[in-house]
Amino acid sequence: MALIITDQILEQINIPADELLLDFACYMYEKKRMSTGQARALVGFNQIEFQQALAERGIDIHYSEDDLEKDLENLGISL
């Protein structure tokens, strides 16, 4: 499915298409409808760029205690 937003509408709401797409990707990530990788791929950002975009919008990175435990385990660190 393609979502088409005309140039006329973008002009009326005064937002460039790439900014609207980034806002959409950040929103979908915040609502846990997209993973970091999916949202980054949608806007063509690397990890750091996407994290900066999230920070600018006050959106927290989804990182659970389980994620921390897995990262520590992968690093060979035990608590």
Set of side chain to side chain contact (heavy atoms under 4.5 Å, CB included) partners for K32, sequence neighbours left out: H62

Non-hydrogen atoms of A39 and Y29 that approach each other most closely: CB-CB, 4.3 Å

Minimum heavy-atom distance V43-A25, with the two atoms named: CG1-CB, 3.8 Å

Neighbour count >12 (heavy atoms, 6.0 Å) for atom CD, E65: no

Distance in Å, E69 CD paired with D71 CG, rounded so as to fall on 0.5 Å steps: 10.5 Å

Minimum heavy-atom distance between L20 and L10, given as atom pair plus value: CD2-CD2, 3.7 Å

Cluster link Y63 to I48, ILVMFWY, side chain under 4.5 Å: no

Residue pair E49 / G44: nearest heavy atoms and the distance that separates them: OE1-O, 4.3 Å

Rounded distance [0.5 Å steps], CG in L75 versus CD in E73: 10.0 Å

Co-membership, hydrophobic cluster, residues I61 and Y27, 4.5 Å side-chain: yes

Point-to-point distance, once rounded to the nearest 0.5 Å, from CZ of R40 to CD of Q51: 9.0 Å

Joint hydrophobic cluster, I9 plus L3, side-chain heavy atoms closer than 4.5 Å: yes

Separation of E19 CD from D23 CG (nearest 0.5 Å): 5.5 Å

Q8 atom CD: more than 12 heavy-atom contacts under 6.0 Å: no

Enclosure of Q38 CD (heavy-atom neighbours >12, cutoff 6.0 Å): yes

